[in-house]
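Here the structure is laid out as structure tokens; the discussion comes afterwards.
Index from 1, following the sequence.
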Amino acid sequence: VLESTNRANIGGVTGSAGTVTNCNNTGKIISYVTYTNTSSYYSYDSAIGGVAGSAVTISKSSNKGSITSVKGYTGGIIGQGSGKVSECYNAGDISGADSIGGIIGRGPSSGSSVPVRNCYNTGDVSGNKYVGGIAGYGGYISSIINVYNTGSVIATEYVGAITGYSSSTTDAYYLDTANVDGRNITEKGEVVTDERLKSEVIYNALNEDGVWQQRPNAYPVLIKSVPENLSNSTEITVNNTLKKFRITTAVEGNIGGTITGDGEDPYETVIYKEDSTKAIVMQPAEGYGITKITINGKNFDYELENLDD
């Protein structure tokens, strides 16, 4: 977003919305909006979010892109919200000025209070004041429940691993290696070791609503943050005169998912016969998707179909 002195709401998916669900942003966001609020109402400031700048409610959404703003409420998922924020995660680094949060920058200036539930942040968060790993300014955020933060949080003043200022927390955890630095540190949440955050004890505490997934030797993740990346299927017809060929998957990251059939992960040996079929199930890990399918060195176009549980 180019430099502007006008008020603006900016998001990776939408600037402003009523209800946002099942949305994902991976792009970088840079805002040079320098709007100065001359009103006594804080809600008139600009809002910048990885998914939505401003919204009433937002759920089952994620952001992986970095966010940089020179001014305005800024959050990994939403800049400013007036309703519930649930089942969302942020993995992008965030930097801004005031009211900067890993999930939400700020709630409304008055009226309804915002509950934040079942969310986590792994990105680093920095700003001037009211900076938190989950919520920036928590004055109008009624509760923060079932959350964790592993990112560092740095600010000049009013800073916290969970919330930069105020807000009630329950089952909120942050990693002991996460750097929290600045004046007026808000002591909210429970500090935990890497081993404990991966434990069944923390998983059970977070999973009150049955929306978390526990993985071996890994931090808990949300089951349906981005459903389209969790269940993908495709059918490909290949005309091939070879008796055997091999199917492989290629995905980004160290942990991409699984492929199952008669062979061994990640390879499948297919016996070719006329009119024969071979069922291959490719299951991306949480937050991943199928990027390409190659058969005998040739890439094939394909379509994905979302499967309901």
Hydrophobic clusters here meaning ILVMFWY residues chained together by side-chain heavy-atom distances under 4.5 Å, can you tell me if Val221 and Val201 are in one? no
Calculate, to the nearest 0.5 Å, the distance between atoms OG and CG belonging to Ser61 and Asn90 respectively. 12.0 Å
Under 3.5 Å, side chain of Asn25 to main-chain N/O of Gly50, donor-acceptor pair present? yes
Closest heavy-atom pair, Ala135 versus Ile141, reported as atoms and distance to 0.1 Å, is CB-CD1, 3.6 Å
Measure the shortest side-chain to side-chain distance between Asp194 and Thr177 over non-hydrogen atoms and say whether it is less than 4.5 angstrom. no
Between Leu206 and Val147, the two heavy atoms sitting closest are CD2-N, 3.6 Å
Would you call the rings of Tyr130 and Tyr137 parallel, tilted or perpendicular if under 30° counts as parallel and over 60° as perpendicular? perpendicular
Return yes if some donor-acceptor pair links the side-chain N/O of Ser152 with the main-chain N/O of Asn179 below 3.5 Å, else return no. yes
Closest heavy-atom pair and its distance - Gly72, Ile48: CA-CD1, 4.1 Å
Spell out, yes or no, whether Tyr89 and Tyr219 are grouped together once hydrophobic residues are joined by side-chain heavy atoms under 4.5 Å, including indirect joins. yes
Where is the tightest heavy-atom contact between Ser69 and Thr74, given as atom of each residue plus distance? OG-OG1, 2.7 Å
Any non-hydrogen side-chain atom of Gln214 less than 4.5 Å from a side-chain atom of Pro220? no
Hey, is the main chain of Ala47 close enough, under 3.5 Å, to the side chain of Asn9 for a donor-acceptor pair? yes
Between Tyr73 and Ile154, is there a shared hydrophobic cluster once you connect ILVMFWY residues whose side-chain heavy atoms come closer than 4.5 Å? no
Test your reading of the model: is there a side-chain donor-acceptor pair from Ser82 to the backbone of Gln80, 3.5 Å cut-off? no
Donor + acceptor pair across side chains of Ser59, Thr21 (<3.5 Å): yes
If you measure from CG on Asp176 to CG on Leu197, what distance do you get to the nearest 0.5 Å? 9.5 Å
Applying the side chain to side chain contact (heavy atoms under 4.5 Å, CB included) criterion to Ile202, which one of Trp212, Tyr173, Tyr148 satisfies it? Tyr173
In one Ile/Leu/Val/Met/Phe/Trp/Tyr side-chain cluster, 4.5 Å: Val56, Ile78: no
Spacing of Asp98 atom CG and Glu157 atom CD [to the nearest 0.5 Å]: 8.5 Å
Return the minimal non-hydrogen interatomic distance between Val20 and Ala52, and the atom names on each side. CG2-CB, 4.4 Å
Within the 4.5 Å heavy-atom criterion, are Cys119 and Val85 side-chain neighbours or not? yes
Donor-acceptor pair, distance only, cut-off 3.5 Å: does the side chain of Ser66 make one with the backbone of Lys28? no
Is there side-chain contact between Leu222 and Tyr120, with heavy atoms separated by less than 4.5 Å? yes
Side chain to side chain, Val153 and Tyr174, heavy atoms closer than 4.5 Å: no
Student check: side-chain heavy atoms of Val180 and Val159 closer than 4.5 Å: yes
Could you point out which residue of Ile67, Val125, Asp124 forms a side chain to side chain contact (heavy atoms under 4.5 Å, CB included) with Asp93? Asp124
Of all heavy-atom pairs linking Lys188 and Ile162, the shortest is O-CG1, 3.4 Å
Count the heavy atoms belonging to other residues, nucleotides or ligands that lie under 6.0 Å from NZ of Lys198, then report whether that count exceeds 12. yes
Rounded to the nearest 0.5 Å, the CD1 atom of Ile30 sits from the OG1 atom of Thr68 at a distance of 5.5 Å
Between the side chains of Thr156 and Asn128, does any donor sit under 3.5 Å from an acceptor? yes
How long is the straight-line distance from CD1 of Ile94 back to CG of Asn63, given to the nearest 0.5 Å? 6.5 Å
I'd like to know if the side chain of Asn204 and the backbone of Glu200 have a donor-acceptor N/O pair within less than 3.5 Å. yes
Any chance you could measure Thr170, atom OG1, to Ile145, atom CD1, to the nearest 0.5 Å? 5.0 Å
